[in-house]
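Both backbone and side-chain heavy atoms feed into the values below; hydrogens, waters and symmetry mates do not. In this chain, numbering begins with 1 at the start of the sequence shown.
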Amino acid sequence: MDPDLGTELFESLGLGTLLPEPLAAWRPLLAEGMAFFLERLPEARLGAIVAEQIALASSASAAARATALLAHCPTLHKLGQIVARQPGLDAELRRHLQALESLPASTGVDGLHAHIHAELGADHGLHLADRALAEGSVAVVLPFSWRQGGRSHDGVFKLLKPGIADRLAEELAILPALGDFLEDRGTELGLPAIDYRSHLAAAGRLLVQEIRLDREQANLRAAAVLLADDADVFVPALLPWCTPALTAMERIDGPKLSDAALSVRESRRLGRALVGGLLARPFWSCSEATPFHGDLHGGNLLLAPDGRVAVLDWSLVAHLSKAEREALVEVALAALALDESRIAAGLAGLGLREAHDAPIGATVERALDTLVRSGRPLGFDWLVGLLDALALQGAGGFGGQLAVFRKSWLSLAGVLGDLGAGHDTDLPLLALGLRRFTAEWPARLRAPAESRAFSTHISTADLLRAAADTWPAGLRYWLRLLGQAR
C-alpha cells in the first residue's frame, strides 16, 4: 500500500479545520501526527478505513468522517470520547463525537455466545440475547436474563470485542515513535516543548487498563462502597457470573443522562449530586485508595427508572494520593492569597518540574490576573484550568493519576454543560468540603498544629496563615485590579 496513503487520507478529510481558531497553530501538527499514526497501521486495517471513507456519501461532513475514522481504532476512539464534551470544539464535531460514547452494536453474537459458554460452561442456565445492546471503544454489552424465585431478572454481560487486544497492541506499538515525531515536528513548528512521549506512554498504560475486566470489577466494588449511602448516584450491582474475562452486572433500563427529558430543577439537582458523589466524596477523603471515575463521558451516565443516575464503566479510575490532594488545596489557598511563590511550592508538590522557572511564573501570573478580572470566587474550575495551561505550555512532571483526575473533572463539567442548566462544578465540591471541615473541629483540637491528617487536607497552621493573609491578599487584589484598569 502507498506509504503516503495515511497523509492523503487525512488531508482529504479536512479534519484539521475542525480545531478551534485559538488552537490554529496546532493544526499542522495534528494533521501530520494523525497521518504518521495511520500510515503505521497494518495494511488490512488502513485499507478498511479507506474503504469506509469511500463508501460514505460525498456530502458527508468532515465531522462525520472524523467520527467514522476514530471508531476504527481503540486509541483514537477513546480520544474522541474524551474531547466529545469539550465546549471549545466545533459544535458539529462534538455532536458526532458524542456518538462514540455508545455505538450501535455491530459485533456478531455467535462469537460472544461462544465466549460466554467457554467462560461459564454450556449449562450456565442463562438466556442470552440474540443481539448485543451497545459497543464502546473496547467492549460489547450483551443482555441476558435468568429466572429466580418464580420471576425473570435482567442483566448484561460486558465482554471485550473479538480481536481488540491485538488491535490495541498494534496501536500502542506506534506510540513511542509517534511521541518522538511530535516532539521533533513541534519544535520545527515553534510550538511549546511538550513531553509527548511520556504523555503517550501514560495514555497507553491507561488504555491497557480498559481491557482488564477483572480490575474493573475490583473498581466497581470499591465505587459501590463509596456511593453506598448516596441517594442519587449509584453503581450497578455485580452479578455472580463474573470471571476475569467477563463482567456480569444488573441491567439499567434508561436513557443517557444527557438525552433524558429533565426539568431545569431536576437537571440542577442531579448535576450537583454527580459532582458531590463522583468528585467531592473521593476528594474530601483521608483514604489513599478512594477511586475517581476516569471516563465520565455521557455514555457512562444513565438515568435509571427510579430517577437516580447509574455510573457505568469503571475500567479507568484515578487514585489521587492524599499528598497530591494536600498539594492541590495548598495551591488553592495560595491563589486566594495571590501568592505566586506559594503557588509554585504547591505545584512542586504535585510533581511539576522547574516550578519556580520564569515561564511557569508567567503562566501563574496570567491565571491570577484572570481570577481577579473574573470577580468570581476561586474554585477548582480555575485550578484545573491552571494545570491545563501548564500542560499545554509544556510543563512536565505531573503524575498520570493527576492527569486522569483533570480529565474526569473536565469531562463531567462538559456533560453537565450539555444539560443546559448552568451547572457550576465548584459549588457542590466546596459545600461538602465545608461540611467535612465543620465535622473535624473536635479532632483538630487534639491534633498537632501542623497535622494535615484530615479529610480536608489542611492543617490548623494552614488556617492561621490563611487568616493572617487576609489583609495582604486584599491589598494584592486591589493592586492587580488597578494595574488591569490602566
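Under the rule for a ring-ring contact (aromatic ring centres under 6.0 Å, His included), the partners of H117 that lie at least two apart in sequence or sit in another chain are H124. With sequence neighbours excluded, the residues satisfying side chain to side chain contact (heavy atoms under 4.5 Å, CB included) with R215 are Q209, R212, N219. Under the rule for a side chain to side chain contact (heavy atoms under 4.5 Å, CB included), the partners of P448 that lie at least two apart in sequence or sit in another chain are S451. For the side chain to side chain contact (heavy atoms under 4.5 Å, CB included) test, residues two or more places apart in sequence or in another chain that qualify with A367 are W382, L386. E183 is linked by a side chain to side chain contact (heavy atoms under 4.5 Å, CB included) to D195, Y196, R197, counting only residues two or more places apart in sequence or in another chain. Scanning for ring-ring contact (aromatic ring centres under 6.0 Å, His included) contacts around F144 gives W146, F157, W241, with sequence neighbours left out. Residues meeting the ring-ring contact (aromatic ring centres under 6.0 Å, His included) test with F405, sequence neighbours left out: F292.
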Inset, instruction - Assess whether side chain to side chain contact (heavy atoms under 4.5 Å, CB included) is satisfied between K161 and V138, documenting all intermediate values. - result: CA-CA 6 Å; K161 293 180 179 179; V138 301; 6.0 Å; no
Inset, instruction - Please assess E440 against T456 for the test side-chain hydrogen bond (donor to acceptor under 3.5 Å, both in side chains), listing each intermediate value before the final yes or no. - result: CA-CA 9 Å; E440 67 194 18; T456 53; 2.4 Å; yes
Legend entry - Stepwise side chain to side chain contact (heavy atoms under 4.5 Å, CB included) test for R452 and D462: CA-CA 9 Å; R452 289 178 172 171; D462 293 329; 2.9 Å; yes
Inset, instruction - Tell me, with the steps shown, if S263 and E266 meet side-chain hydrogen bond (donor to acceptor under 3.5 Å, both in side chains). - result: CA-CA 5 Å; S263 67; E266 189 68 2; 5.2 Å; no
Inset, instruction - Would you please test I116 and L126 for side chain to side chain contact (heavy atoms under 4.5 Å, CB included) and show each step? - result: CA-CA 10 Å; I116 294 169; L126 305 174; 5.7 Å; no
Inset, instruction - Give the C-alpha distance, both sets of side-chain angles, the deciding distance and a yes or no for side chain to side chain contact (heavy atoms under 4.5 Å, CB included) between L350 and L387. - result: CA-CA 10 Å; L350 290 169; L387 297 178; 4.2 Å; yes
Inset, instruction - Given side-chain hydrogen bond (donor to acceptor under 3.5 Å, both in side chains), test R325 with T290 step by step and report yes or no. - result: CA-CA 12 Å; R325 283 173 276 159; T290 305; 5.4 Å; no
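Rounding to the nearest 0.5 angstrom, the gap separating the CD atom in E32 from the CG atom in L182 is 9.5 Å. C73 SG to I49 CD1: the interatomic distance, rounded to the nearest 0.5 Å, is 4.0 Å. The line from SG of C242 to CG of L120 is 9.5 Å long, rounded to the nearest 0.5 Å. The CG atom of L220 sits 10.0 Å away from atom CG of L213, with the distance rounded to the nearest 0.5 Å. For the atom pair CG of L347 and CD of E330, the computed distance is 10.0 Å after rounding to the nearest 0.5 Å. Between H113 atom NE2 and L128 atom CG the span is 4.5 Å, to the nearest 0.5 Å.
Salt-bridge check for R167 with E170: failed, with every basic side-chain N at 4.0 Å or more from each acidic carboxylate O.
Counting heavy atoms from C-beta outward, H153 and S145 have side chains that stay 4.5 Å or more apart. For the pair T247/W314, no side-chain contact is recorded, criterion being any heavy-atom separation below 4.5 Å from C-beta on. The side-chain heavy atoms of P74 and I164, taken from C-beta on, include a pair separated by under 4.5 Å. Residues L296 and V311 form a side-chain contact, since some pair of their non-hydrogen atoms from C-beta on lies under 4.5 Å apart. Considering only heavy atoms from C-beta on, I458 comes within 4.5 Å of R444 through its side chain. Within the 4.5 Å cutoff, the side chain of R40 has no heavy atoms near those of the L46 side chain. Residues H115 and P162 are not in side-chain contact: their nearest non-hydrogen atoms beyond the backbone lie 4.5 Å or more apart.
Smallest separation of non-hydrogen atoms from L328 and L320: CD1-CD2, 3.8 Å. The two residues I211 and A165 make their nearest non-hydrogen contact at CD1-CB, 4.3 Å. The shortest non-hydrogen separation linking P236 to A310 is CG-CB, 4.4 Å. E119 and T243 get closest at one heavy-atom pair: OE1-OG1, 2.6 Å. Closest approach of L142 and A129 over heavy atoms only: CD1-O, 3.7 Å. The heavy-atom pair separating L239 from G155 by the smallest distance is CD1-CA, 4.1 Å.
H293 pairs in a side chain to side chain contact (heavy atoms under 4.5 Å, CB included) with only one of the listed residues (L301, N300, L312), which is N300.
For the residue pair E450 / S459, no side-chain donor-acceptor distance below 3.5 Å is found, with atom types taken as modelled.
Contacts classified as ring pair (Phe, Tyr, Trp, His ring centres under 6.0 Å) and involving residues 242-268 (residues at least two apart or in different chains) are not found. Sorted by first and then second residue, the ring pair (Phe, Tyr, Trp, His ring centres under 6.0 Å) pairs with a member in residues 208-227 form an empty list; sequence neighbours excluded. For residues 307-320, the salt bridge (Lys or Arg N to Asp or Glu O under 4.0 Å) pairs, not counting sequence neighbours, are K158-D313, D306-R308. Here ring pair (Phe, Tyr, Trp, His ring centres under 6.0 Å) pairs that include residues 202-237, with residues two or more places apart or in two chains, number zero.
Of the possible donor and acceptor atoms, one in the side chain of H457 sits under 3.5 Å from a partner among the backbone N and O of S455. Of the possible polar contacts, one joining the R436 side chain to the W284 backbone as a donor-acceptor pair under 3.5 Å is found. Of the possible polar contacts, none joining the E216 side chain to the E210 backbone as a donor-acceptor pair under 3.5 Å is found. E250 places a side-chain N or O within donor-acceptor distance of the main-chain N or O of A237, the cut-off being under 3.5 Å. At distances below 3.5 Å, not a single donor-acceptor pair connects side-chain atoms of H72 with backbone N or O atoms of R45. A donor-acceptor pair is defined here as one N or O able to donate and one able to accept, closer than 3.5 Å; no such pair exists between the side chain of R269 and the backbone of D232.
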Can you give each donor-acceptor pair under 3.5 Å made by side-chain atoms of residues 273-282, sequence neighbours left out, with the distance rounded to 0.1 Å?
| unit_1 | atom_1 | unit_2 | atom_2 | d |
| --- | --- | --- | --- | --- |
| R281 | NH1 | L226 | O | 3.1 |
| R281 | NH1 | D229 | OD1 | 2.8 |
| R281 | NH2 | D229 | OD1 | 3.1 |

